[in-house]
Amino acid sequence: MTADKPRVRFAPSPTGDLHVGNARTALFNWMFARHYGGEFILRIEDTDPVRTSRDFEYRILEDLAWLSIDWDEGPGKEGGKGPYHQQERLYLYDHYLKNLIEAGAVYPCYCTEAELEAERAELVFRKMMPRYMGKCRNLSDSNRKTMTDQGRKPSYRFRIGAGQIEFSDLIRGAMKFDAGALGDFIIVRSNGIPAYNFAVVVDDHLMTISHVIRGEDHLSNTALQLLIYEALGFKPPIFAHHSLILGKDRSKLSKRHGSVAVREFRERGILPEVLLNYLALLGSSFGGGREVCTQEEMISSFSLDRAGKSGAIFDEDKLNWLNGIYIRQGDLERLTERLLPYIRAAGHDVDNLDRAWLERVIDAVRGDLVTLSDIGTQMDIFFDDRYALSGEAQQVLREEQAMNVVRALRESLEQSPFSTDEAYHQIMASVAKKTGVKGKKLFMPIRAAVTGKVRGPELDKVFAILSLESLRHRAEDVISGPLGGRR
RNA sequence: GGUCCCAUCGUCUAGUGGUUAGGACGCUGGCCUCUCACGCCGGAAACCGGGGUUCAACUCCCCGUGGGACUACCA
């Protein structure tokens, strides 16, 4: 591992959709690699066949791609250090297990799960830390043979000695664990498949990972892994444990807190660069008080020094705020493109909408969008078949003078020889003159009649988008409707 | 219970011995001769407690307290 070219990795286990916490870990690793010009490796930890699925793996890859987190080596991108699925690396773990057995660092354990469970229950009952007490630690060869003859398949446990395990964490500084407090842990399960801590050490070493950046929930695993590194004679990588994302109750963010999967945010209409920006900001900062940041800026300003040590609550309000910023400030064409699926989902025949017209509509309502999926309801006022007077609008139209204003509007619309683009100001001026009404009393009835709502984009924009025919029809409908009857 | 980690406004943070403790979200007042939103200008809002160290502690040390993570033949 060269100091100037770090190699980091993200190693998800495909047991579910990509969690924002994991996405943040991936992002930290990715930014670290990009900042220092290193390499970012993706490894799939699929050793548990019952919890793992190919479908989830595919979805995780898809979510990473959506976030534009790309990997230099991994599935679909061979780099000479593969394979990148642990399932395909079993022969490697076998090899190192043999080394450890020969070195006496590991021993077979014949305890059944039921026996272990009983031991654990006993310890918990006596208010002691549940851990393996070393029953099979010093079995004689004949004892082992007896077990094998009984048909028992052993798991392999790591023999823990006394002493301190110390290491320096890039984010947290000096860390120290007492090995004596740990129980001999399983390195290879009785089905021959390696357990997490063992596979990770072998893989990280073989893949020449220089820095392991992961959540603080792995802090205690690091102690165990360091022991394995030592027994194997491997030089351990540098570790950095970042803080966790928390739910509102300050416990580790999980499903019960609401949306946690990257996919859910995507479906809701959070932009990928927003989620990335937010995740990079959470529990950290960009310096200079900056909050809105491009990917390039995120990478160049990235530093583990800026990573906070304490957990950070996931604040959806702020995520939404950030999404609004990107929607308002982004490129209109690009925004339109990304809005298309949501417009379609709202039931519009996207293919038959005039693109230029659509862009004007989007430009008019983008200020009111928090997520992309909001576009559906926001657009309704521009479609005649979706136009309807809301209760609030009816309220407005019932007010004194309101119908006079609408009638004056209809007249002005009839007389208007201009396209609605230029006509707005003239129409408003003429309605004001005819009725003698101004301000809110003038605008609100017109807004209500023309859009059917009491809130919405600025009226000049609405007039510019709606056709003269639509405007006339809507005014006419209001006048001839139940509200328009002469009193 | 054990081991370990953490601790600045409600939330995310800046701050590395001397600051009127700064910014952002949210909340809130005002302005933008129509609304909502946007934008702009304001406001309320924090150094967990106790001991040290020091001329001086939010900042360093210790102890409490509080919160969290881990305690699997899951990863």
Side-chain angles (χ1 to χ4, degrees), chain A residues 11-15 45-48 50-52 86 109 111-113 116-117 120 123-124 126-132 153-157 169 172 175-178 180-183 185-197 199-200 215-223 241 243-244 246 248-252 278 281-292 306 308-322 324-325 328-329 365-370 378 392 396 428 438-448 451 453-460:
Chain A
S13 181
T15 56
E45 312 220 321
D46 55 356
T47 52
D48 183 355
V50 307
R51 300 204 319 147
T52 271
Q86 289 189 326
C109 169
C111 296
T112 63
E113 291 201 51
L116 292 170
E117 183 49 49
R120 196 164 21 242
L123 286 169
V124 169
R126 285 160 54 192
K127 301 231 173 207
M128 290 173 70
M129 177 167 90
R131 64 184 167 111
Y132 184 65
K153 291 254 186 277
S155 59
Y156 285 87
R157 287 186 184 268
D169 187 285
R172 281 151 210 283
M175 294 292 122
K176 195 166 81 174
F177 290 84
D178 184 15
L182 276 16
F185 57 99
I186 289 179
I187 251 183
V188 172
R189 297 182 263 179
S190 54
N191 62 5
I193 291 176
Y196 169 73
N197 283 308
V200 163
E216 71 172 317
D217 48 344
H218 282 288
L219 222 30
S220 49
N221 280 328
T222 300
H241 292 89
S243 61
L244 265 23
L246 277 24
K248 292 210 187 301
D249 63 355
R250 296 216 141 266
S251 68
K252 193 160 100 168
Y278 180 69
L281 192 60
L282 189 60
S284 192
S285 64
F286 297 136
R290 297 212 50 190
E291 306 236 290
V292 182
R306 254 193 269 278
K309 293 179 187 159
S310 49
I313 294 177
F314 192 86
D315 183 356
E316 289 207 23
D317 280 339
K318 190 147 184 176
L319 176 69
N320 286 335
W321 164 77
L322 201 56
I325 300 262
R328 260 172 262 127
Q329 299 179 351
V365 302
R366 74 201 293 194
D368 292 309
L369 302 183
V370 172
Q378 293 293 336
E392 287 172 310
V396 166
M428 292 308 285
K438 58 188 174 186
K440 202 166 174 169
K441 290 268 179 208
L442 169 68
F443 287 92
M444 283 310 282
I446 291 182
R447 169 179 295 284
T451 69
K453 305 257 164 38
V454 294
R455 283 179 286 276
E458 281 137 20
L459 274 178
D460 56 344

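Quick note on labels: first sequence line is chain A, next is B, and so on, each numbered from 1.
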Given 3.5 Å as the limit, does a donor-acceptor pair link the side chain of A:Ser243 with the main chain of A:Ser310, or not?
yes
Contact class for A:Thr52 (heavy atom, under 4.0 Å): base, sugar-phosphate, or nothing?
nothing
If I pick the P atom on B:rA37 and the same atom on B:rG26, what distance separates them, to the nearest angstrom?
11 Å
Go along nucleotides 25-35 of chain B 5' to 3' and tag each nucleotide: B for a protein heavy atom under 4.0 Å from its base, S when only backbone or sugar atoms are that close, - otherwise.
SS-------BB
Among B:rA14, B:rU11, B:rC6, the one nearest any side-chain atom of A:Ile313 is B:rU11
So does A:Pro457 get a backbone contact from the side chain of A:Arg447, meaning a donor-acceptor N/O pair under 3.5 Å?
yes
A:Ile325 CD1 to B:rC38 P: how many Å, rounded?
9 Å
For a quick check, with a 4.0 angstrom heavy-atom cut-off, what is the B/S/- contact string for nucleotides 62-75 of chain B, read 5' to 3'?
-----SSSSSSBBB
For B:rU53, which nucleotide in any strand shown is its Watson-Crick or wobble partner with both distances under 3.5 Å?
none
Distance between the P atoms of B:rA57 and B:rU20, in whole angstroms?
16 Å
Which one is paired to B:rA45, where only Watson-Crick or G-U wobble pairs with both distances under 3.5 angstrom count?
none
Please measure how far the P atom in B:rC41 lies from the corresponding atom in B:rC25, and state the result in whole Å.
12 Å
Nucleotide forming a Watson-Crick or wobble pair with B:rU33, both distances under 3.5 Å:
none
Expected output: side-chain A:Tyr278 to main-chain A:Asp315 donor-acceptor under 3.5 Å:
yes
Residue A:Leu282, side-chain atoms from C-beta onward, closest of B:rC12, B:rC6, B:rU13
B:rC12
Paired nucleotide for B:rC70 [Watson-Crick or G-U wobble; both distances under 3.5 Å]:
B:rG2
How would you label the contact of A:Lys176 with the nucleic acid (heavy atoms, under 4.0 Å): base, sugar-phosphate, or nothing?
sugar-phosphate
Scan every strand shown for a Watson-Crick or G-U wobble partner of B:rU59, both distances under 3.5 Å, and answer none if you come up empty.
none
Distance check: side-chain N/O of A:Arg328 vs OP1/OP2 of B:rG39, anything under 4.0 Å?
yes
Between A:Ala181 and A:Gly367, the residue closer to the 5' end of RNA chain B by nearest nucleotide is A:Ala181
For A:Arg290 and B:rC12, what is the distance between atoms CZ and C1' respectively, to the nearest whole Å?
17 Å
Determine the Euclidean distance between corresponding C1' atoms of B:rG30 and B:rA69; express it in Å to zero decimal places.
47 Å
In whole angstrom, give the distance that lies between atom CD of A:Glu316 and atom P of B:rC12.
14 Å
Just jot down the ring-ring contact (aromatic ring centres under 6.0 Å, His included) partners of A:Phe185, sequence neighbours excluded, or say none.
A:Phe158
Could you please name the partner base of B:rA24, counting Watson-Crick and G-U wobble pairs only when both distances are under 3.5 Å?
B:rU11
Taking the same atom, P, in B:rG22 and in B:rU28, what whole-Å distance lies between them?
22 Å
Does any non-hydrogen side-chain atom of A:Asn221 lie less than 4.5 Å from one of A:Tyr196?
yes
Can you tell me the distance, in whole Å, between the CZ atom of A:Arg366 and the P atom of B:rG39?
13 Å
Considering non-hydrogen atoms only, spot the tightest contact between A:Glu45 and A:Ala11 and give its length.
OE2-CB, 3.3 Å
Atom P, compared across B:rC34 and B:rG10: separation rounded to whole Å:
38 Å
Looking at A:Asp46 and A:Thr52, would you say the former's side chain and the latter's main chain have a donor-acceptor pair under 3.5 Å?
no
If you compare all heavy atoms of A:Lys440 against all heavy atoms of A:Pro445, which two are closest, and at what distance to 0.1 Å?
O-CD, 3.7 Å
Do the non-hydrogen side-chain atoms of A:Phe286 and A:Arg306 ever get within less than 4.5 Å of each other?
no
Without decimals, in angstroms, what is the distance between A:Asn320 CG and B:rA37 P?
15 Å
